[in-house]
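Note sheet for the following structure.
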Amino acid sequence: MMRGAWIIDQGGEDITSMFRVTRLLHEERTPFQHLEIYDSPRFGRMLLLDGAVQTTEGDEFAYHEMLAHPALCTHPAPRRVLIIGGGDGGVLEEALKHPLERVTLVEIDGAVVQASRTYLSTICGRAFEDARTELVIGDGIAFVERDGERFDVVLVDSPDPAGPAAGLFNAAFYARAARRLTPDGLLVVQSGSAVYQQELIRTVRQHLAPSFPLVRTYTVSVMTYPGVLWSFTVGSLRRDPVGVEPEEIARRIAGMKLQYYTPAGHHAAFDLPPFLRVQLEAEPA
Ligand code: SAM
């Protein structure tokens, strides 16, 4: 919603964030959603889908580094990665910092990829041009349903559970994703706000549990998301992210010039504050 030169991103019923913007750079109604790209003094270019901030030049590193690196540093030797959603290319760019053979990105809306390559090159860099990148425009749910190659890590960079993304939060999708993993495989999903979507996080954990012996939630501060404190949840077939030695993480990320993710930060992110741990470990209503 545009009033004056401000955008308002309504998070839950009772929480919202507002950002001053200076220009609407691009707008289109795609077959799936309302896509807008604004310029803003504080966070640079901002991508919104259906009025919700997805990513900005000013803070994308926090979300994208914390979605990609914890799992990629937990897997003993990742080579094949699947990204579902993530059409802005930010998590793709982070994943490609690892010595991977191939990254398959399945985005349902080609317009998001196109607009991001045109207006958000500071976020996707040359990730879409990388020889290891396989871009598939299509539904990620249908993609994992099909039999096919197995992946070491699957990263789900989706919006909130609505529209085409709703099915990316259910147990059937997680079970199929688990079948597309190699034995040491890990699945990571954005699981919503740790402030106003705790019910969603509980549900995601409950939906992962039948398919993954190990389920762990961790947090990240995303300055442009309502309430700031956001969450990811990992489903792991056997490798525990909490068990990775800081020295091993330091070795894996050496030379990557990261702005948020660190060996100590990895462990701190999984060490949930008691108020949150109690909330998340409670049974979903
Ligand atoms: N980081 C953002 C967030 O947390 O809200 C998400 C950013 S990324 C742009 C989300 C992408 O997921 C969108 O481009 C959307 O088109 C895509 N998406 C939604 N449902 C999908 C599906 N079923 N399969 C593949 N991509 C999907």
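Counting starts at 1 for both ligands and their atoms, following the listed order.
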Ion pair E149/R102, N-O distance below 4.0 Å:
yes
Using heavy-atom distances, let me know which of Q190, Q54, E60, E107 sits nearest atom 7 (C) of ligand 1.
Q54
Between R80 and E101, is there a side-chain N and carboxylate O pair less than 4.0 Å apart?
yes
Return yes when F143 approaches ligand 1 closer than 4.0 angstrom through a heavy atom, no otherwise.
no
What atoms in ligand 1 come closer than 4.0 Å to a heavy atom of V112?
14 (O)
Test ring pair (Phe, Tyr, Trp, His ring centres under 6.0 Å) on F43 and F19 and set out the steps.
CA-CA 9 Å; F43 293 103; F19 304 97; 5.7 Å; yes
What is the ring orientation for F151 with F143, classed by angle as parallel under 30°, tilted 30 to 60°, or perpendicular over 60°?
tilted
Do the rings of Y260 and F61 sit parallel, tilted or perpendicular, given the 30° and 60° boundaries?
tilted
Are any of the N/O atoms in D139 less than 3.5 Å from those in ligand 1?
yes
Could you label the plane-to-plane angle of the Y196 and W230 rings as parallel, tilted or perpendicular, counting under 30° as parallel and over 60° as perpendicular?
perpendicular
How about E94 and H69: does a side-chain donor come under 3.5 Å of a side-chain acceptor?
yes
Quick one: does E247's side chain get under 4.5 Å of P263's, heavy atoms only?
no
What about Y63 and F232, are their ring centers closer than 6.0 Å?
yes
Counting only heavy atoms, which portion of F32 has something under 4.0 Å from ligand 1: side chain, backbone, both, or neither?
neither
Does V106 approach ligand 1 within less than 4.0 angstrom via side chain, backbone, both or neither, non-hydrogen atoms only?
backbone
Distance filter under 4.0 Å to L49 heavy atoms, resulting ligand 1 atoms
13 (C), 14 (O)
What is the nearest protein non-hydrogen atom to atom 24 (N) of ligand 1, stated with its residue, atom name and distance?
G140 N, 2.9 Å
Any nitrogen or oxygen of D109 lying under 3.5 Å from a nitrogen or oxygen in ligand 1? Just yes or no.
no
Between the candidates I108, L35, D88, which shows the shortest non-hydrogen contact distance to atom 27 (C) of ligand 1?
I108
Considering non-hydrogen atoms of the protein only, which is the closest contact for atom 10 (C) of ligand 1, and what is the distance?
D157 O, 3.2 Å
Against heavy atoms of A165, which atoms of ligand 1 measure under 4.0 Å?
19 (C), 20 (N)
Is there at least one pair of N or O atoms, one from Y63 and one from ligand 1, spaced under 3.5 Å apart?
yes
Which of these, G87, P159, G138, has its nearest heavy atom closest to atom 12 (O) of ligand 1?
P159
